[in-house]
Amino acid sequence: MIVSTFRALRVRGAKGGGVSLQGAALVALALTGGAGAVCGERLDSLVRNAVNISLAHLEQSVSEVRDSTLYPTYATPRLKWILKKSDDWTSGFYPGCLWYAFEISGDPRYERWARRWTAPLEYEKSNTGTHDLGFKFMCSFGNGLRLGTGPAYAAYRTILLSAAQTLSERFNSEVGCLRSNWDAKPAGNSFPVIIDIMMNLDLLFWASGNGGPPFMAEYAARHAATTCRDFVRPDGGTYHIVRYDPNTGEIINRGTLQGAGDGTTWSRGQAWGLYGMVVAYRFTKQEAFLQMAERLADYFLGHLAEDHVSAWDFQSEIRLRDVSATCIAASALLELVRYVANDSLRVHYRREAEAMLTSLCCAPYFTAGIGTSCLLDHSVQYLPVHSNVDVPSIFADYYFLEALLRYRAQSGEPTDQPRGK
Ligand code: GLY
């Protein structure tokens, strides 16, 4: 049994100004216990509440961040966003949150803000020093292209194709993978691959279907197949990193960077693997990717805490939750249910995703009423080096909003989604 050791409630900072009447009303609702007041109610009502309050928090965040060349990443213990430049791996998530806010609300202010924080990311399209171009570009320009209308968006396609070209240059055909841009414990001249890279394949799959060369989708499918072969243990848990000989493609060793130990399963890595496999199936319809997504999902769900929120590492004795892993997995499950043929399995995955969302929409995870523009508290970035432990993260917020959108769409709620290309 996993017992949470949440730290005591922290002192909350005062809010910044600039909230509209609608936003102010929603924040006031939150401050009077909006989220807590509805916990225990049906998920539909929790989601409606979470959506409204999230929109208000995002509106507030715009007046706090102000400079559109800076991006929220993690938050301080006082729940204030720490801002970084576009080269941080997380920079696509904030514009992605604003695009989702536009998708949810249809409010043109969110589109304007989303475009403002998307534009400076173009600079990253030639960044050969990162494997995270899928995160950066699909969350920002990718969502913009999907949701926006009008000639201004034509440039988004060209920018995405250019970023895909840069990403594809990390592929090694001996290994069958894209190379990780970092390894804290390198083994000689090894070629490191981390499971997180699965999340960047959608940029390559998308590019091949949208005017880019076919080899990009071939690289992405090969990377996913290599991950199936080399990253997954017999029980369905995953390694975080596999190091290869770049000349022969042979495995040198396997282990972890961000997890508790080489033999444990880091929950966000498991969630990245699950989500990435679902996306690989979406684009290829290869049965092996669907089966692997189910295996990774079964392991994740089989190791959840009682409140359906995952520990940061499934085997660690340090009993902290990581909401980011839970949000990623919940969103992935809500896509997986569209592909699973077996009725009872589909119902099982849907119920598990709903149980996760039920917890995420409530305290102590959902931040309504505690004076912050973050949406969710209790993410863990990199515990072994004590970096951003048990604080909000922008990627938890991004996948939380995505999961809320997917839940609403599948529940037949009107989404007010403007439809672009
Ligand atoms: N991709 C980096 C992380 O999940 O922390």
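Each residue takes its place number in the sequence, starting with 1. Hydrogens, waters and symmetry mates are skipped; everything else that's a heavy atom, side chains included, is used. In listed order, ligands and their atoms are each counted from 1.
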> Under 4.0 Å from ligand 1, counting heavy atoms only, is it the side chain of Trp266, its backbone, both or neither?
Replying inline: side chain

> What do you reckon, are the aromatic ring centroids of Tyr110 and Tyr100 less than 6.0 Å apart?
Replying inline: no

>> Checking side-chain contact (heavy atoms from CB on, under 4.5 Å) between Phe395 and each of Tyr94, Trp89, Phe135, which is the one that passes?
In response: Trp89

> Gln258 heavy atoms, cut-off 4.0 Å: which ligand 1 atoms fall inside?
Replying inline: 3 (C), 5 (O)

>> Tell me the contacting part of Tyr382 for ligand 1: side chain, backbone, both, or neither, using a 4.0 Å heavy-atom threshold, strictly below.
In response: neither

> Identify the closest protein heavy atom to atom 5 (O) of ligand 1: which residue and atom is it, and at what distance?
Replying inline: Arg268 NH2, 2.6 Å

>> Can you tell me how the ring of Tyr399 sits relative to the ring of Tyr275, calling it parallel under 30°, perpendicular over 60° and tilted otherwise?
In response: perpendicular

>> So for Trp272, does at least one of its heavy atoms come nearer than 4.0 angstrom to any atom of ligand 1?
In response: yes

> Under 4.0 Å from any heavy atom of Asp196, which atoms of ligand 1 are there?
Replying inline: 1 (N), 2 (C), 3 (C), 4 (O)

> If you take all heavy atoms of Phe400 and Ser54, which pair is closest and at what distance?
Replying inline: CE2-OG, 4.1 Å

>> Check whether Thr226 reaches the backbone of Arg222 with its side chain - one donor and one acceptor, N or O, closer than 3.5 Å.
In response: yes

